[in-house]
Colleague: 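This is the structure, below, for whatever I ask next.
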Amino acid sequence: PREFSRSRVRRLRAWNSLDWALYAHLNRSFWRKAEEFGMERLRREVSQLRGRREFLAGKCLKGGGPVPAQAIPDGNLRPFQPPGGGRILGFALKEGLGKEERELCERMAMPELQYKDLLERRQFGNGSGAG
């Protein structure tokens, strides 16, 4: 591991102080709520969630996991690729899914920008300006 000088560590801490304060607050808040919820109950529910995610990935996803964006035939499921950045993976759905299965799987595989748009349409309508 690379060592940093004390002055560099001080500068990094000062530069990131707001991020660190936010992280520390949210981390304390999370663990306090986790204790109130019950750690064993939390472990059980996390395990159930992971099992459900694995089941749905096997049911919905071509290849069972993430793929490069260019390998996703449905443009609505392709994640945004930032210019000059790393490549963002997404999910391609299996072919032959029934209508209800496909709708469920699309919601599970939809990238965040498209999902945000879907939620906005449901909450505020189609953007016709009414309201």
Side-chain angles (χ1 to χ4, degrees):
R2 194 166 75 169
E3 295 291 322
F4 292 111
S5 70
R6 285 187 178 147
S7 66
R8 185 173 216 182
V9 168
R10 279 194 302 275
R11 284 194 315 267
L12 287 169
R13 283 187 179 154
W15 187 43
N16 292 305
S17 63
L18 292 176
D19 289 334
W20 177 253
L22 182 61
Y23 167 80
H25 168 75
L26 293 173
N27 192 42
R28 283 190 308 272
S29 171
F30 170 81
W31 288 112
R32 184 176 53 253
K33 288 179 181 182
E35 288 290 337
E36 290 169 8
F37 187 77
M39 295 305 288
E40 187 53 40
R41 181 177 167 203
L42 180 60
R43 283 187 199 92
R44 258 192 332 272
E45 291 197 12
V46 166
S47 178
Q48 290 172 349
L49 182 61
R50 285 182 176 145
R52 182 73 176 148
R53 185 193 63 203
E54 289 173 17
F55 169 78
L56 287 171
K59 177 179 182 171
C60 295
L61 302 180
K62 188 185 286 186
V67 296
Q70 62 270 22
I72 302 171
D74 183 342
N76 291 326
L77 295 179
R78 263 186 235 124
F80 171 73
Q81 299 298 308
R87 296 287 143 227
I88 309 298
L89 300 176
F91 301 98
L93 299 184
K94 286 182 175 178
E95 296 171 14
L97 295 170
K99 183 180 184 317
E100 285 184 25
E101 279 183 324
R102 181 162 184 83
E103 287 177 6
L104 169 71
C105 293
E106 282 177 345
R107 286 195 312 271
M108 299 294 291
M110 191 176 290
E112 58 273 6
L113 294 178
Q114 290 93 320
Y115 199 76
K116 174 197 67 74
D117 291 344
L118 173 68
L119 292 177
E120 284 179 349
R121 282 192 305 275
R122 287 191 177 173
Q123 186 172 1
F124 303 114
N126 65 6
S128 63

Colleague: Quick one: does L104's side chain get under 4.5 Å of E101's, heavy atoms only?
Modeller: no
Colleague: How many angstroms lie between atom CG of L93 and atom CZ of R102, to the nearest 0.5 angstrom?
Modeller: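 If I round to the nearest 0.5 Å, the distance is 5.0 Å.
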Colleague: In this structure, which one of L89, I72, L61 forms a side-chain contact (heavy atoms from CB on, under 4.5 Å) with V67?
Modeller: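 The single option meeting the side-chain contact (heavy atoms from CB on, under 4.5 Å) with V67 is I72.
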Colleague: Look up atom OH in Y115 and atom CG in N76, then write down how far apart they are to the nearest 0.5 Å.
Modeller: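 If we round to the nearest 0.5 Å, Y115:OH and N76:CG are 14.5 Å apart.
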Colleague: Using a 6.0 Å cut-off, check whether atom CG of L22 has over 12 heavy atoms from anything other than its own residue.
Modeller: yes
Colleague: Is atom CD of E95 surrounded by more than 12 heavy atoms (other residues, nucleotides or ligands) closer than 6.0 Å?
Modeller: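 No, the 6.0 Å shell around CD holds no more than 12 heavy atoms from other groups.
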Colleague: Let me confirm one number: the CE-CZ distance from M39 to R43, rounded to the nearest 0.5 Å.
Modeller: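 It is 5.0 Å, given to the nearest 0.5 Å.
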Colleague: Output, in order, the C-alpha distance, side-chain angles, deciding distance and verdict of salt bridge (Lys or Arg N to Asp or Glu O under 4.0 Å) for K33 and E36.
Modeller: CA-CA 5 Å; K33 288 179 181 182; E36 290 169 8; over 6 Å; no
Colleague: Would M108 end up clustered with L77 when hydrophobic side chains under 4.5 Å apart are linked, directly or stepwise?
Modeller: no
Colleague: I'd like to check the salt bridge (charged side-chain N to carboxylate O under 4.0 Å, His left out) partners of R107; sequence neighbours left out, ordered by chain and number.
Modeller: none
Colleague: Checking F80 now: which residues fulfil ring-ring contact (aromatic ring centres under 6.0 Å, His included) with it, not counting sequence neighbours?
Modeller: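 With sequence neighbours excluded, F80 shows a ring-ring contact (aromatic ring centres under 6.0 Å, His included) to no residue whatsoever.
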Colleague: Measure the CG-SG distance between L97 and C105 for me, rounded to the nearest 0.5 Å.
Modeller: 5.0 Å
Colleague: If the threshold is 4.0 Å, N to carboxylate O, is there a salt bridge linking R32 and E35?
Modeller: no
Colleague: Could you pull out the closest heavy-atom pair between G64 and A57, with the gap in Å?
Modeller: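 That would be O-CB, 3.8 Å.
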Colleague: Before accepting this row, confirm whether a basic side-chain N of the pair K116/E112 lies closer than 4.0 Å to the acidic partner's carboxylate O.
Modeller: no
Colleague: Roughly how far apart are L49 CG and E54 CD, rounded to 0.5 Å?
Modeller: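 If we round to the nearest 0.5 Å, L49:CG and E54:CD are 10.0 Å apart.
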Colleague: Answer with yes or no whether the hydrophobic clustering places W31 together with Y23; edges join I, L, V, M, F, W, Y residues whose side-chain heavy atoms lie under 4.5 Å apart.
Modeller: no
Colleague: If we only count heavy atoms from C-beta on, is the M110 to L118 side-chain gap below 4.5 Å?
Modeller: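 Sidechains of L118 and M110: in contact.
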Colleague: Closest heavy-atom contact between A69 and P79?
Modeller: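 Taking every non-hydrogen atom into account, CB-CD, 4.0 Å.
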